[in-house]
Every structure is written in structure tokens, then in C-alpha cells.
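Notes follow once the structure below has been shown.
Just so you know, residue 1 is the first one in the sequence shown, and it goes up from there.
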Amino acid sequence: MTTESLSRAAHIRRPTITPAELGLGEKPAKAGPGDPAATHVRAKLDREIRALLEREEGTRSGTDPEDLHQMRVALRRMRSVLKLSGALVGPGAEAVRAELGWLGQSLGEVRDYDVLIEHLREVIADFEVRDQAAGRRLVSKFVTERGVARRRLNRALSSERYTTMLENVSELTRSEPAEESAEESTVEQKHDLVAGLRKPHRKLAKAVGELPADPPDDDLHALRIHGKKLRYAAELAQTSAKKKQAARLKELISATKKFQTVLGDHQDAVVAAERMRAVLEAVDGHVGFVAGRIAERELQRKAEARAAWRDRWAAVDAAARAVIPR
């Protein structure tokens, strides 16, 4: 049995919570173009908390890394919705968002290892046979570290804090109170989900405009995060839009996905190259040689992403300007 398998078996799991146990309906909530913005926000939270629960068991086992990836995506979508439109679902939204961030840290740590390990295995498979054994020894180091990170994640998923977080999210999906305060009513009236795209687009555009010709790696990573927030906001707005507007939002979502992909490739290359440098003092010469070869490839991948991202940004900017009301 592998180290990761032992770590999974050693951890005592509690049964996965079901949507029904959280008080959610039999089917996911829906919202149409004529519904208030708050209804769309609640329906979005309802869909994403179900998606998170659906992927929990697979995330715990680690059999398929896609489960953890999709669980993390659902969590990040909820955080983004609450950041942009949390005022529509009550004063508890920001506290819930903070708790989602807590879980996101544990998910993100394991996800980073999943991405790195999968990529290294693909790269090493292209090497000469005489270098592949050393490559596998290199990968095994990260597999062991991932096992430690997964144990931390599974402890988080079995904690009372996690259960409370799920319950608090589900509370935000509930129907509006029978009596709405004047302040809440004003917030609802002023909130237009499509017009709400203006803020994340403006932040992204400002961040792009402030970059030098050769931006630091961290600044490009921050751009990707801004782009992701714009994409998630567009996905929410799409549910409230009429046909023509929805088509434009679809173009914006597609453009932001491509923008995220190229900057994601850049960040993955940065991380992989840094990891290769960090292992050099702790490995033998042959493994160090393989790590150096991988680092060289990653620097090339990083350069290719840097050459492409501005064109992707131009497409995002054009798509956003076509849909956001002036």
C-alpha cells in the first residue's frame, strides 16, 4: 500500500453530508431573467454547494484529482459571488466567505501538488529511458509531500468547522425573509448583475494598465485572479440576462477562460521551475540533472505564456465593453 493510501485509510471519516441534511430542496434552485438579483445569488449558492458536496467523497479519497479540482472551483465561485453580491443575501455573507477561504487554503495546497505531479509525469515521459528512473524518484518526493497535505485536508473536511461552514452557506440559500428592511430593499433595487460586471472589469483593466513592459511573475498571477473574478461574475449575470445579452456574456466568459488558461500556464511554469531549484540540494546528481532539464522547459513555457497574454486580455476587454452598460 502506498504512503498516500495509508494516510487515507488511517483517517476516520464521517459520512458525507447530503443536500437534504442541509435543508436544501430536492432539486437545485432556479432563477430566470425576471427574478430579482438576490434570487439569482441564492440559486447560484444552492447550485455550487451541491457541486461541492458531490465532489467531497472523491476529494477525500484522492482517486481522481478532478474531484478536488471541481470542489475547489465550486468553493471559489461561491466566494466570488459573495464578494460581489453578498449584501443581497444578508449580513452574514462576509463571515461565510471568510470560512470558505479557510477551506480553500487546504484544497489549494493539495491541488497545487496534483497539477505539479501530473505535469512532471508528462514531461518525464518524453525523456530518454535512462533518465526516467531518476525522474520517478523526483516525482516521488512530491507525492510524499502531497500525502501530508491531503491528511491536513481530510482533517479539515472531518471537522466541526467544516460542517458549520456548510450549514451557514445553506442558510444563505434560503428564501428572502417575509419582511425586508428598507435598507435591504434599496440594495436589491440598485443591484443589477450585468451592471455589476463593471467593478471587476475596472479592477482588471486598472491592474493591466499599471503593469510595466516586463511584469513580475506575481503581478501576472494577480491578473489571473482578477480575470477569474470577472468570469464568475459573468456566469452569475448570465442567468439573469435576456437572449441577446446572454450571448454577449457567453463571449465574455469564453474570453476570460482563455485569459485564465494562458496566465495559469505561466503560473504553473513559475511554480514548477521554483520547485526544481528548491530540490537541488536534497537530491543526488542524476535527479538533479533531471530537475535542471525540467526547469529549462518550464522557463520556455513561461516565456511562451508571456508572449501571449496581452492578446488574450484585449479579447476580454473588448467582450466586457460590449456587454457592460455605459
Is there a path from [X] to [Y] through hydrophobic residues (I, L, V, M, F, W, Y) whose side chains come within less than 4.5 Å of each other?
X      : Y      : value
Leu299 : Phe127 : no
Ile17  : Val169 : yes
Val81  : Val73  : no

Taking only residues two or more places apart in sequence, or in another chain, which ones meet Glu145 in a side-chain hydrogen bond (donor to acceptor under 3.5 Å, both in side chains)?
-> Tyr113, Lys141
Sorted by chain and residue number, the side-chain hydrogen bond (donor to acceptor under 3.5 Å, both in side chains) partners of Arg77 (sequence neighbours excluded) come out as Glu235
List, by chain and number, the other hydrophobic cluster members for Val323, where Ile, Leu, Val, Met, Phe, Trp and Tyr join if side-chain heavy atoms come within less than 4.5 Å, directly or indirectly.
-> Val194, Leu197, Leu204, Val208, Leu211, Leu220, Leu223, Leu230, Leu249, Leu252, Phe259, Val262, Leu263, Trp309, Trp313, Val316, Ile324
Residues that Ala133 engages under side-chain contact (heavy atoms from CB on, under 4.5 Å), provided they are two or more places apart | Arg136, Arg137
Please report the C-alpha distance between Val271 and Val115 in whole Å, then the side-chain angles of each, then the deciding distance to 0.1 Å, and finally whether the side chain to side chain contact (heavy atoms under 4.5 Å, CB included) criterion is met.
-> CA-CA 10 Å; Val271 171; Val115 171; over 6 Å; no
When the side chains of residues 275-283 are checked against the rest of the protein, which donor-acceptor pairs come out under 3.5 Å, sequence neighbours left out?
none

Please round to the nearest 0.5 Å and tell me the distance separating atom [atom1] of [X] and atom [atom2] of [Y].
X      : Y      : atom1 : atom2 : result
Gln260 : Ile225 : CD    : CD1   : 10.5 Å
Asp112 : Phe142 : CG    : CZ    : 12.0 Å
Glu109 : Arg152 : CD    : CZ    : 4.0 Å
Gln245 : Leu193 : CD    : CG    : 10.0 Å
Glu54  : Thr59  : CD    : OG1   : 10.5 Å
Ile49  : Leu172 : CD1   : CG    : 10.0 Å

Whether over 12 other heavy atoms sit under 6.0 Å from Glu26 CD | no
Output every pair passing salt bridge (Lys or Arg N to Asp or Glu O under 4.0 Å) with a member in residues 242-251, not counting sequence neighbours, ordered by first then second residue.
-> none
I'd like to check [X] versus [Y] (side-chain heavy atoms, cut-off strictly below 4.5 Å). Are they in contact?
X      : Y      : value
Leu45  : Leu82  : yes
Lys44  : His40  : no
Arg231 : Lys228 : no
Leu75  : Leu52  : yes

What residues, two or more places apart in sequence or in another chain, satisfy salt bridge (Lys or Arg N to Asp or Glu O under 4.0 Å) together with [X]?
X      : result
Arg224 : none
Asp131 : Arg293
Asp268 : none
Lys302 : Asp217

On a heavy-atom basis, which atom in [X] and which in [Y] lie closest, and how many Å separate them?
X      : Y      : result
Ser106 : Leu153 : CB-CD1, 3.7 Å
His226 : Ala207 : CD2-CB, 4.0 Å
Ala241 : Ala246 : CB-N, 3.8 Å
Ala51  : Ala74  : CB-CB, 4.0 Å
Ala195 : Asp192 : N-OD1, 2.8 Å
Pro28  : Arg47  : CB-CG, 4.2 Å

Run the side chain to side chain contact (heavy atoms under 4.5 Å, CB included) check on Arg202 and Lys206 step by step: do they pass?
-> CA-CA 6 Å; Arg202 184 173 61 246; Lys206 181 181 179 182; 5.5 Å; no
Side chains of Glu48 and Tyr232: do they bring a donor and an acceptor to under 3.5 Å?
-> no
Salt-bridge test for Asp67 and Arg60: reply yes if a basic N is under 4.0 Å from a carboxylate O, no otherwise.
-> no
When you check the gap from the basic side-chain N to the acidic O, do Asp46 and Arg50 get nearer than 4.0 Å?
-> yes
Output side-chain donor-acceptor pairs under 3.5 Å for residues 89-100, partner residues at least two apart or in another chain, one line each.
residue	atom	partner	partner atom	Å
Arg97	NE	Arg79	O	3.1
Glu99	OE1	Arg161	NE	2.8
Glu99	OE2	Arg161	NH2	2.9

Within the side chain of Asp35, is there an N or O that forms a donor-acceptor pair under 3.5 Å with the backbone of Gly32?
-> yes
Between Thr173 and Leu22, does a side chain to side chain contact (heavy atoms under 4.5 Å, CB included) hold up when you go through it step by step?
-> CA-CA 10 Å; Thr173 70; Leu22 290 176; over 6 Å; no
Name each donor-acceptor pair under 3.5 Å that joins a side chain in residues 116-124 to protein atoms two or more places apart or in another chain, with its distance.
residue	atom	partner	partner atom	Å
His119	NE2	Glu298	OE1	3.3
His119	NE2	Glu298	OE2	2.7
His119	NE2	Arg301	NH2	3.3

What's the verdict on side chain to side chain contact (heavy atoms under 4.5 Å, CB included) for Arg42 and Thr39, showing C-alpha distance, side-chain angles and the deciding distance?
-> CA-CA 5 Å; Arg42 290 188 172 93; Thr39 302; 5.6 Å; no
